[in-house]
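Below is one structure, written out as structure tokens; the observations come after it.
The figures here come from the full heavy-atom set of this structure, side chains too, leaving out hydrogens, waters and symmetry mates. First listed ligand is number 1; within each ligand, the first listed atom is number 1.
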Amino acid sequence: MTTTTTTWTMESLRARLDARVAVARARLHGATVGHAGWQGKTWRALAWIAYRDWMFTRAFALWAAKHYLAVILGAVIAVSWWGLLTLAEVPGDRITGPVLALLVFWSPGLAVGLFAAVAPATYKRRRHARAIARNWPAVAEACNLSTRRPDGAVVISRLRHVHHRPGAVVLRIETFSGQTPESLHRAAPAVASAYRAHGFEVMPVKPGVLDLALFTTYRIAPITATLPVPEGANPDALPVGVTRTGHVAELVVRGRHTLVVGATGAGKGSVLWSVVGGLAPAVHEGTVRLWGLDLKGGVELEMGRALFGQVAYDSETAVRVLQELLAVIDQRKAAMRGVSRLHVPTPAEPLHLLVIDELADLMAYAEFEVRREADRLMSKILTQGRALGVVVMSCVQNPRQEAVGQRNLYSQKVALRLDSDVEADMVLGPAALQAPAHEISRSDPGTGYLVREDGAPVMVRFAYWPDDLIRQTATRYAAPATHAAPAPRDGMDAANAWAAAGGRLSVVDNLDKPTNELDGTDEKPARVRKRSPRKPRAPRSTTSTASTSTDSTGEGAPS
Ligand SMILES: Nc1ncnc2c1ncn2[C@@H]1O[C@H](COP(=O)(O)OP(=O)(O)OP(=O)(O)O)[C@@H](O)[C@H]1O
């Protein structure tokens, strides 16, 4: 009881102290550099001078500490010289000579100080790089990047150079003869830990040489998307955000199924719209055709409805959409047999991308019959569609088996913030070690790990797509009428977008049609059987899909 009271008191004291310090800092800031007008400008100028002065003094002091003999010798010579001149009462100037002597000994330190004052950031980076290089032999030995030759000499992997990128310091490391590149990969976590990095990324440069990026920050600053341009809409390298090294993060859409997993509020919308919005110019051009399933009643997709050919907002329609997509696969199979092994999108034969927002609504929470049919169709699409130009991007909150039974059929994964390490492991498998998605902060929505086919995870901050931008993109790049234009709905975004885009399909044409019906489609709607009382089920070991085909290339036989 006493302990609780003490803890509470200590905590409340600390909180009050923190609050007071924060208020005092804010006041000081407001009264000095944050002040508007000439007073603020004067304070800012003084702060600038003080900082440069501090950098000069610090750099010189560090140099002097290292070269203390030169410093002492210079001081002794200068003082002695001046003393002798004074004692001997030599007429004339007694200062210039001793000062020049001092400068001769101290000039390297003064030059370093001047450099630090003029370019403080570069100075700091260089010092950091030198410290890393200095520690490298010890780190390399401790991380098993060394070997002892028969003559007793110790050979370590060579650190070619160290350079800085925004948020990261990159070590270029070279193998010694007899060492495999895999050993460098294996040692990467230990090296990152030795340098107290927030994370790491391994990028092969050429045989035997790789770049090891050590992250100096855990966060990637948020970015907001802008209206996409046609040059960017490349399904082979679609820009979707930024990496921790400040590079543009690119997602391969063609030939890959993508699974996006993230807890609620993790930013799945950012991934979805980065892909859909990024591809919008290609959609408009006709080389990409979008299909959408949004069983949350269209809350997400309706905003950019004009970009989609077909959408389904309920599970029965979703099954029909899946059947139509499977029909595309069957047609393509016949057309491509013996001609090509990877579909090349053209306006006549576009890349079909099925976007599913909340996969669990279809695969786990729908009626049993619907679930079973959806599971069968999805398995076929996932195993056969990839090379035929039919790819899937599924977003889901819960990565557990019943929700994403086919997760092994997705060739690349995006793990946004997850609730536990078990979930990270479930989604990413062995890559979870390098991609702790459960450690992503709640305050960083849109941040996640992209794990491509090669299994190497890259931390990415996906671009944020505000609602207005989505509407604007849908208006500017609406899908062609041949992509089964949406039937305008009263008061809904798609209708507005479509009308603004020129309404290539007249409202009247569509009035009597169900929203997502294809023109000229003579397919019958999916037969959804009424649910009968369920018999007690025998326990299942695994779902049929996962057990029959785990071929990550997606070319295995359908279940
Ligand atoms: N890339 C981003 N940068 C900054 N903020 C973002 C980003 N992505 C999302 N957010 C913020 O996080 C909020 C939640 O994002 P979003 O709706 O996409 O999450 P979600 O994973 O789809 O959640 P749910 O599964 O509950 O629908 C957004 O309203 C937005 O404020």
Problem set entry | Residue Gln397 vicinity, atoms of ligand 1 by number, heavy atom under 4.0 Å | 24 (P), 25 (O), 26 (O)
Seminar exercise, completed: Closest to atom 27 (O) of ligand 1 (heavy atoms only, candidates Lys268, Lys296, Glu300) is Lys296
Problem set entry | For ligand 1, the portion of Glu358 having any non-hydrogen atom under 4.0 Å away | neither
Problem set entry | Ligand-side contact atoms (ligand 1) for residue partner Gly269, heavy atom cut-off under 4.0 Å | 18 (O), 22 (O)
Exercise. Taking only residues two or more places apart in sequence or in another chain, which ones pass salt bridge (charged side-chain N to carboxylate O under 4.0 Å, His left out) with Arg219?
Worked result: Asp444
For this session: Return yes when at least one protein heavy atom is under 4.0 Å from atom 6 (C) of ligand 1, and no when none is.
Result: yes
For this session: Quick one: look at Ala263 and ligand 1, take heavy-atom pairs under 4.0 Å, and tell me if it's side chain, backbone, both or neither.
Result: backbone
Exercise. Can you find an N/O atom of Pro222 closer than 3.5 Å to an N/O atom of ligand 1?
Worked result: no
Problem set entry | From CG (Leu359) to CE (Met393), nearest 0.5 Å | 12.0 Å
For this session: Closest by any non-hydrogen atom to atom 11 (C) of ligand 1: pick that one out of Pro445, Ser443, Cys395.
Result: Pro445
Problem set entry | For Arg165, all residues meeting salt bridge (charged side-chain N to carboxylate O under 4.0 Å, His left out), sequence neighbours excluded | none
Exercise. Is Asp468 salt-bridged to Arg471, going by a charged N under 4.0 Å from an acidic O?
Worked result: yes
For this session: Indicate whether atom 1 (N) of ligand 1 is within a distance of less than 4.0 angstrom of some protein heavy atom.
Result: yes
Exercise. Based purely on interatomic distance, does Gly265 place a nitrogen or oxygen under 3.5 Å from a nitrogen or oxygen of ligand 1?
Worked result: yes
